[in-house]
Peer 1: 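Structure in structure tokens, see below.
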Amino acid sequence: MFTNEQKELEEYCQSLYKEELKYLKVSNQIKQTLPKVDKFKSKKNQKLNQSLQKLLQYHEQANIVVDNKIEIASKSLQITQNLLKQIVAQELSRELPLFPGKSLPPQLCGKISPKENYITQPGDLVCAAISNNLGNVDWILCHVKSFAAEKQEYCLVDFFDENNLGPIYHTIKRNRVIPLPTSLSLHHLPSTEFEINSKVYAMYPDTTTFYPAKVLSTPGNRRTSTFQTYYYILEFEGDTVPNHDIYSRWVIPTPKQL
């Protein structure tokens, strides 16, 4: 006969055994399920890998498209830049028309100043004060793109950037722009030419930058009965070369202090 204590102990052991069986069953179920989970994970990873490969493939294709477009754009840019250089070179070598009259030359004939309300037209060349990286001002040759009357500002294009980056755009105030001559006097009228020893600004040879210079000889002084010229002889400040022949189109009054 079991005592009451023994009976309780037996019942308790039986309950533990049942619980153990229950957990064993759950454990076996988990063990049976794990391969299925691993298989599912493998398939899922495989799908993920396939998706990743597809994405990489699309990305590479997109890069090729972009590269092609960049290459096409780059070639187009190079072509347009070369065309611009040719057109600008032609413009720089163009001779100005000659005013045939013997009196009352128009504005911008040689050194004749424009009227106070004069606005340089789109397409014209000007000398403009552009701040450089050192905080100084360079007077450089620019092309007028447009003029905003309400702001009194020009939009200018520098086709001649020394870094060969293509056209550089500048927005500057009207008082920082000097129009260039648009015609010259056929008969070398004194009012159209700077006098000897005058201080001027002129575009230095093989550059598009204007520097201070002194007039050594005028076009009118250099002409003869058989020889006609529209070039000054100038001496640039600080230059090791004694003098230069400079076409009248590239000689302007000394700019006012900014």
Peer 1: Tell me if a side-chain donor or acceptor on R222 pairs with a main-chain N or O of S217 at a distance below 3.5 Å.
Peer 2: no

Peer 1: Please tell me if the side chains of F210 and L141 come closer than 4.5 Å, counting only heavy atoms from C-beta onward.
Peer 2: yes

Peer 1: First locate atom CG of L189, then atom CG of L104, and finally report the distance between them rounded to the nearest 0.5 Å.
Peer 2: 9.5 Å

Peer 1: Ignoring hydrogens, what is the shortest heavy-atom contact between T182 and Q107? Give both atom names and the distance.
Peer 2: OG1-O, 4.0 Å

Peer 1: Under a 3.5 Å distance rule, please check whether Y232 uses its side chain to pair with a backbone N or O of A202 as donor and acceptor.
Peer 2: no

Peer 1: Less than 4.5 Å apart, any side-chain heavy atom of I196 and any of L216?
Peer 2: no

Peer 1: Which pair of heavy atoms, one from N132 and one from L134, lies closest together, and at what distance?
Peer 2: OD1-N, 3.0 Å

Peer 1: Would the distance check show the side chain of S248 and the main-chain N or O of Y230 forming a donor-acceptor pair, the cut-off being under 3.5 Å?
Peer 2: yes

Peer 1: Quick one: are R176 and S131 in side-chain contact, heavy atoms under 4.5 Å?
Peer 2: yes

Peer 1: Can you name the closest pair of heavy atoms from Y154 and T120 and give their distance?
Peer 2: OH-N, 2.9 Å

Peer 1: How close do P219 and T229 get, counting heavy atoms only, and between which atoms?
Peer 2: CB-O, 3.5 Å

Peer 1: Do L125 and I119 share a hydrophobic cluster, counting only Ile, Leu, Val, Met, Phe, Trp and Tyr and linking them when any side-chain heavy atoms are less than 4.5 Å apart?
Peer 2: no

Peer 1: Tell me whether the count of non-hydrogen atoms from other residues, nucleotides or ligands lying under 6.0 Å of CD in E195 goes above 12.
Peer 2: no

Peer 1: Would you name the heavy atoms of M203 and I246 that are closest together and state the gap between them?
Peer 2: O-CD1, 3.8 Å

Peer 1: Out of curiosity, R223 CZ to T218 OG1, how far, rounded to the nearest 0.5 Å?
Peer 2: 9.0 Å

Peer 1: Any link between L180 and V251 through a network of hydrophobic side chains (Ile, Leu, Val, Met, Phe, Trp, Tyr) touching at under 4.5 Å?
Peer 2: yes

Peer 1: Once you measure the plane-to-plane angle for Y204 and H244, does it fall in the parallel (<30°), tilted (30-60°) or perpendicular (>60°) bin?
Peer 2: perpendicular

Peer 1: Between P179 and Y118, is any pair of side-chain heavy atoms under 4.5 Å apart?
Peer 2: yes

Peer 1: According to a hydrophobic-cluster definition based on side-chain heavy atoms being under 4.5 Å apart (Ile, Leu, Val, Met, Phe, Trp, Tyr only), do Y201 and Y231 belong together?
Peer 2: yes

Peer 1: Are side-chain heavy atoms of V241 and F236 found at a separation under 4.5 Å?
Peer 2: no

Peer 1: CZ of F194 to NZ of K214: how many Å apart, nearest 0.5 Å?
Peer 2: 16.0 Å

Peer 1: Quick check: is F147 connected to I130 through a chain of hydrophobic side chains (ILVMFWY, heavy atoms under 4.5 Å apart)?
Peer 2: yes

Peer 1: Check the pair H143 / L156 against side chain to side chain contact (heavy atoms under 4.5 Å, CB included), numbers first and verdict last.
Peer 2: CA-CA 6 Å; H143 170 102; L156 304 178; over 6 Å; no

Peer 1: Heavy atoms, side chains only, cut-off 4.5 Å: are K151 and T171 in contact?
Peer 2: no

Peer 1: Inspect the surroundings of CD in E116 and state if more than 12 heavy atoms from other residues, nucleotides or ligands are less than 6.0 Å away.
Peer 2: no

Peer 1: Check whether any side-chain heavy atom of T192 sits under 4.5 Å from a side-chain heavy atom of L184, and report yes or no.
Peer 2: no

Peer 1: On a heavy-atom basis, which atom in S185 and which in C109 lie closest, and how many Å separate them?
Peer 2: N-SG, 3.7 Å

Peer 1: Is it true that atom CG of N117 has more than 12 heavy atoms of other residues, nucleotides or ligands lying nearer than 6.0 Å?
Peer 2: yes

Peer 1: Check the hydrophobic clustering (I, L, V, M, F, W, Y; side-chain heavy atoms under 4.5 Å; chains of links allowed) and say if I252 and I172 are grouped together.
Peer 2: no

Peer 1: Counting distance only, does the side-chain N/O of Q152 pair as donor-acceptor with the main-chain N or O of A149 below 3.5 Å?
Peer 2: yes

Peer 1: Roughly how far apart are I112 CD1 and F99 CZ, rounded to 0.5 Å?
Peer 2: 9.5 Å

Peer 1: In the structure I gave you, are the side-chain heavy atoms of P181 and Y247 within less than 4.5 Å of one another anywhere?
Peer 2: no

